[in-house]
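The analysis underlying the following values was restricted to heavy atoms, covering all of them including side chains, and did not include hydrogens, waters or symmetry mates. Counting starts at 1 for both ligands and their atoms, following the listed order.
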Amino acid sequence: MDFSALTKRSSASFNQHKNLLKKLAKGQAVKCEVCQGILTLDLKTQQPAKGVAKCPNGCTEIVLDLA
Ligand SMILES: [Zn+2]
């Protein structure tokens with residue numbers, strides 16, 4: 001098992017999520033990597049202090065920590 005690769009990957013995705021949230025908060029358009037649709041931020045989730053960024057086709061659904 002290569003744990004260093006695993007750690008690297010998860011921290012990269014953490015930063016990706018932070019950048020994504022930053023862009024969405026500024027009202028910038030963020031595109032889905034799969035379908036190139038514009039992601040929308042849904043704040044009405046079941047979990048408090050969480051938002052979900054979704055693309056129109058549903059191939060991307062990223063839970064963002066808003067706390
Ligand atoms: Zn998509």
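- V63 belongs to a hydrophobic cluster whose other members, connected by ILVMFWY side-chain contacts under 4.5 Å either directly or through intermediates, are V52.
- Side-chain contact check for H17 versus I62: some heavy-atom pair is nearer than 4.5 Å.
- Inter-residue side-chain proximity for L39 and K54 is flagged as unmet; no heavy-atom pair is nearer than 4.5 Å.
- With a cut-off of 2.8 Å, the protein N/O/S atoms near the Zn ion (ligand 1) add up to 4.
- Side-chain contact between K50 and D65 is present, with at least one heavy-atom pair separated by less than 4.5 Å.
- Counting all heavy atoms, side chain and backbone alike, L64 lies closest to A53 at CD1-CB, 4.1 Å.
- Residue V30 comes nearest to K23 through the heavy atom pair CG2-CB, 3.7 Å, listed as atom of the first residue, atom of the second, then distance.
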